[in-house]
Amino acid sequence: MEITYSFLQHYWWFLISLLAGLLVFMLFVQGGNSFIYSLCKDERERMLLVNCTGRKWELSFTTLVCFGGAFFASFPLFYSTSFSGGYALWMIILFTYVLHAVSYEFQTKAGNIFGRKTYRFMLFLNGLAAPFLLAAALSVFFTGAPFTVNRDAFAMSAPQMIQWQSPWRGLESLANIWNILFALSILFLCRYLALQYIINSVDDESFVLKARKRIPFNAAAFLLCFVAFFVHLMLSPACSYTPADGQIHTVQYKYLQNLADMPLVAALLLLAVALLLYSLVRTLARKDYKRGIWPAGTGSVLATLALMLLAAWNNTAYYPSLTDLQSSLTIENSSSSFFTLKVMAFVSLGIPVVLAYIAYVWKKMNKKRLSSEELAESEEKY
Amino acid sequence: MIETLSSDLVFWSRAQFALTAAYHWIFVPLTIGLVFLIAVMESMYVRSGNEFWKRCCKFWSRLFAVNFAMGVATGIILEFQFGTNWSNYSWFVGDIFGAPLAIEGIFAFFMEACFIAVMFFGWDKVSKRFHLASTWLVFVGTCLSAWWILVANAWMQNPVGTQFNPDMVRNEMSDFWAVAFSKTAAVKFLHSVLSGLMLGAAFVTGVSAWFVLKHREKKFALSSIKLSSLVGLAATLLLILTGDMSAYDVSKNQPMKLAAIEGLYKGGTSQDLVAVGLLNPDKKTYNDGKEEFLFKISFPNMLSFLATRDFDGYVPGISDIIEGGYTNSDNQRALSFEEKQLKGRQAINSLALYRQAKADKDTAAMNIHARELNDNIACFGYGYIDKAEDSVPNVPLCFYSFRLMVLLGAYFVVFFALMLFLSKRDMLHKYRWTQYLAIVSIFLAYITAQSGWIVAEAGRQPWAIQDIMPVGIGVSSVSVSGVQTTFMIFAILFTVMLSAMIGIMVKQIRKGPQN
C-alpha cells in the first residue's frame, strides 16, 4: 500500500482522536475530585476518594500533555491558532492543572502552609473546571472560533500570523449554548466514569453504595446533554472543503452526511453508545457488578474517537473560522509535512508497547481494591 | 482588530517563558539526580536484602515525590506556552520542533507516569524486582525526557536537518536523524543529565550532613553521603569534559555566544581565556571604543584551544562577527552583519514575491523567487533585525553567569572529594564546618544549575532559532496586559508552591527516615 500524504494526515488525525478519547477516559480522575464534598461524609471517605483517583493522576496529566504534544507535531497550525487565540481559556485550564499537580502530593503533608482543606478545594476546583473547560475549548471543533490565519505575514517586518477577533480570548466560547451543553456532557461523563472507577477499585461497601446511588443522576445528565448536542450537530451546517483547491464552503447537515459517508465511524459511535448504556444498565441492575468502568471507559474512548473523526474526516474543516471561512483549518492545510508525518508514523508504532505496559502496570496496581485498612497501614499515601 | 508586535509584548512573553523555565529547572535536575541515587540504593536493597537500604529509598522517595509534583506543574505550562505565547514560532518551525515534544510525551512521560505510581505505592503490591525495575524505568524515563527536550532545544541553537517551504511558509524537517542525534543535542544531554546528578548528589549530601550535625541517623547519613559524594564527584569531573565539548560546539555554531561569554569584543589568534574579570560597565556597544574590562586574569591561549583545539587558533570577537571578513570554522569568509541583514531582507522580499506569484499562478516568477529565497534563506532571520547591536546578547549576564557556573563547578570537585574522603574515613562528624558547608552547598548547586541555564539561553539571544528566527518574531498576537496578568499569576503561584514544597521537605527531613 502506498503511503500518501493524505493517508498520513488521516492517520494522524485518528491518533489525535484516539488520544482525545483516552484523555476523556482519564478525566475520571477529575470527575472523582468533583465529588470530594458531595460523596464523602468524613475524612476516611475523603482519603479513600483522593487515594483511589490519586494513583492515576500522573497518567491523566500525561495524557493531556501528550495530546498537546501530538497535536503540535502533527497539526502545528491548530496548536498555534487555538492556544494563542484562546489564550485566556487555555491559561485558566493550565492554571487549574498546576493546582491539581501539586495538590495530591501536598495535601496531607506537614508543612504545606495552606492546610489540607485548601489543597482539597484545589482538587475540587480542577475536578469541575478541567473537564468543563477542556470540553468547551475543544467544542469549537464543531462550533468554530473567531480567528484568521495569514501565512503571508512572515513577509512583513512584524508578522502577525494568527489574529483572534474577540477580546475574550477563548472565553467567548462559553457564551455559546451548544458549547456549554457539550462541556456539561463531558463533565457528567467524567463524573459517571469516576463513580464507575470507585465501584471498581474501592473495597468499602458503604462508600461504594453511595457511589452507586449517584450513578443514575450523572448518567442521565450526561445522556441528556450529549443527545441534545448531538441532535443539534446532526442538523447543523458545517464547513467542508474541496480537496482539489482547498476552498472551504458551508454544507447543510454535513456531520449527518459524514455519518452516512463513513459507516465505520457510525458503527463506532453506535458501539460506543451501546457500551455506555450496557455499563449503566448492568450497574443499575446488579448490585454486585463492579466492572462497569471498562465498558463505560471503552465507550467514552470510542464515542470521542467517533466525534473527532466526524469533525475532520470526509473533507470537513475541523476548526471553522467564524470570521474568515477560508482561514478554517482542515487536516490538509494545518498538518505537518509529509516527511514529518511519515517519521512520526514510524514513531507511533511504539504506542502499542506503551499502552501494553500501562495496562500491565494498571492491572498489577489495581489487583487489590483500595480499603481504609490498607490506607491505615500504608506509609505511602496521599 | 490588528495588533502589532510591541516590544512590551515581546518582553513580557520572554519574561513569562524565562520565569517558567527557571522554575522548571529548579525541579528537573533534582528529579534526575535523586531518582538515580534512589535506584542505586534500591539495587543495594534487592541485592543484599538489607532493610536499611529500603528505608533509605523510602525516605529519599518522599522528598523526590514532592519535588516531582512541582516539576510536573511547571512543565505543563512550559510545553503549552509554545502555543499560547509563541504561535508564530509554533507554526514557523512546528514541523520540526513538535516531533521531539510528541516523542517525549509518548515515550518518556508515559514511562515516568506509569512507573512512578509503582515506585511510590507498589512496595507491597509488586515483587521486589518489579519494583526495582520500575524505579530504574523512572530514571530511564527522566533521561528520555531530557534527551527529547534537549533535541528540541539543541535544534533551536543549531538548526540542522531542515529546509524552508515557501508554499507553507515554514521550516520543514528534511533529516530526522540529523535532528534527533545532532552533536549539539548529545553534548547538551550529557551536560544536563550530569548537572542533574551533581545537584541530586549535593542535595543528598547536604541533607545527610544535617543529620550528622544533629547527631541523628548516623549510619543512614554516612551511607547516603558515601554514595552521593561518589556520584557527585564522578558527575562533576565528567561535567568538565562535557563542558569543554559544549564550548567547542558553541564556538562552531554560535560564535557570538562564545564571544559574549568571554566578553571578547576584538578577537584574533592565540586568544586568552578570562579566568576572573570585571567588565567595564561603561561599555554599552561593541563599537564605542571603550575598554572591555576594568581588570582581568587570563589563562594564556586557552580560549583558542577551547574553541579550535589549537593554542594559536583564531577566535572571532563580537566586533569581528559583526564586521565579518575573517575565515570561519567552515573555511568560508564570514559575512558581516550588514551583508547578512541584506540577504535576510532579500529572502523576506523573495518570499513575499513568491507568494504573490503563487496567487497569480505565475509559475516562472515562482521559480525565480524560490531560487532567490533559497540563496538567502540561511540569513532569513537577520532581515528582521534592525541594528547590529541587536544581534549581540547581554554580555555581562553571559560573562558572569558562565564564570559563576565554572567556579562553582570547580568548587564541587573539591567539595565532593572532601566529603567522600571524610565519610569513607568516618571523620565527617569531627569537622562541623564541613557539615555546614554541605548544607550551604545545596543552594550552591542550584545556583550552578541556574547559571548554566542562563548561559545557554541568554547567550543565544536574540535568536529563537539561530539565524532563522529572532525571538521577537515568534510571539503570539496577545494583549500585553494579558501576558502581564498571566506572568504575575504564575510568578505568585510558583513562588507560593515553592515555599510550600520547601516547608514540606523541611518537615519530612526533620521527621527523618525512621518515621
Side-chain angles (χ1 to χ4, degrees), chain A residues 55 58-59 61-62 65-66 68-70 72-73 76-77 79-81 83-84 87-88 90-91 94-95 97-98 101-102 104-106 109-114 151-152 154-155 157-163 165 169 336-337 339-340 343-344 347 350-351 354 357-358 361 364-365 367-368 379-380, chain B residues 1 3-5 58 65-66 69-70 72-73 76-77 79-80 83-84 87-88 90-91 94-95 98-99 101-107 109-110 113-118 120-122 125-126 169 172-174 176 348 351-352 355 384 473 476-478 482 486 489 493 497 499-500 503-504 506-507:
Chain A
R55 294 177 185 191
E58 286 109 338
L59 272 182
F61 204 94
T62 300
V65 173
C66 208
F72 195 2
L77 190 52
Y79 192 82
S80 43
T81 307
F83 287 93
S84 66
Y87 188 80
W90 281 110
M91 279 297 179
L94 295 177
F95 178 76
Y97 267 94
V98 171
V102 293
Y104 272 118
E105 201 56 55
F106 286 14
K109 303 274 192 311
N112 66 18
I113 297 180
F114 302 105
R151 287 170 204 265
D152 295 329
F154 284 102
S157 59
Q160 292 289 276
M161 189 175 159
I162 315 290
Q163 292 284 342
Q165 306 296 334
R169 309 298 308 201
S336 283
S337 64
F339 183 84
T340 296
V343 166
M344 291 302 292
V347 169
I351 291 176
V354 176
Y357 71 65
I358 290 173
V361 169
K364 281 240 169 203
M365 295 296 287
K367 204 171 180 181
K368 195 178 158 215
E379 288 177 324
E380 315 300 334
Chain B
M1 181 190 302
E3 294 172 74
T4 54
L5 288 178
K58 286 196 168 187
V66 184
M70 282 296 293
V72 171
I76 193 171
I77 305 294
E79 170 169 339
F80 283 97
T84 54
S87 62
N88 278 350
S90 293
W91 171 250
D95 191 72
L101 259 63
I103 298 172
E104 184 193 18
I106 294 168
F107 294 107
F109 288 162
F110 272 122
C114 186
F115 291 103
I116 214 160
V118 182
F120 295 148
F121 304 111
K125 289 180 183 287
V126 298
V169 195
E172 293 182 351
M173 196 191 299
S174 58
F176 175 72
I348 292 168
L351 175 63
R355 299 287 301 169
Y384 295 112
I473 298 304
S476 302
S477 170
V478 186
T486 50
I489 289 172
L493 182 65
M497 293 302 172
S499 310
I504 292 169
V506 169
K507 288 274 183 188

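Order of the sequence lines sets the chain letters (A, B, ...), proteins ahead of strands, with each chain counted from 1.
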Which atoms of [X] are under 4.5 Å from chain B, going by heavy atoms: the side chain, the backbone, both sets, or neither?
| X | value |
| --- | --- |
| A:F61 | side chain |
| A:F114 | side chain |
| A:F106 | both |
| A:M344 | side chain |
| A:Y97 | side chain |

Do you know which of [options] has the most heavy-atom pairs under 4.5 Å to chain A?
| options | value |
| --- | --- |
| B:A352, B:G94, B:C114, B:S499 | B:C114 |
| B:L101, B:V72, B:I348 | B:V72 |
| B:G105, B:S87, B:A69 | B:S87 |
| B:V118, B:T84, B:V169 | B:T84 |

Taking every non-hydrogen pair under 4.5 Å, which of [options] racks up the most with chain B?
| options | result |
| --- | --- |
| A:G350, A:S337, A:P76, A:A73 | A:S337 |
| A:A155, A:A101, A:S336 | A:S336 |
| A:Y87, A:Y104, A:W90 | A:Y87 |

> Under the salt bridge (Lys or Arg N to Asp or Glu O under 4.0 Å) test, which residues partner B:K125, sequence neighbours left out?
Replying inline: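 If we apply the salt bridge (Lys or Arg N to Asp or Glu O under 4.0 Å) test to B:K125, skipping adjacent residues, the hits are A:E374.
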Which portion of [X] sits near chain A, non-hydrogen atoms under 4.5 angstrom:
| X | answer |
| --- | --- |
| B:V66 | both |
| B:I106 | both |
| B:Y384 | side chain |
| B:I116 | side chain |

> Which atom names give the shortest non-hydrogen contact between A:V65 and B:E79, and what distance separates them?
Replying inline: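 Minimum heavy-atom contact is CG1-OE1, 2.9 Å.
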>> I need the minimum non-hydrogen distance between A:G111 and B:K507, along with the two atoms involved.
In response: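 It is CA-CG, 3.7 Å.
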>> Which residues pass the side-chain contact (heavy atoms from CB on, under 4.5 Å) test with B:F107, not counting sequence neighbours?
In response: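 With sequence neighbours excluded, B:F107 shows a side-chain contact (heavy atoms from CB on, under 4.5 Å) to A:V347, A:V354, B:I103, given in chain and number order.
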> Mind checking whether A:Y79 and A:F72 have parallel, tilted or perpendicular rings, split at 30° and 60°?
Replying inline: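 A:Y79 vs A:F72 ring planes: parallel.
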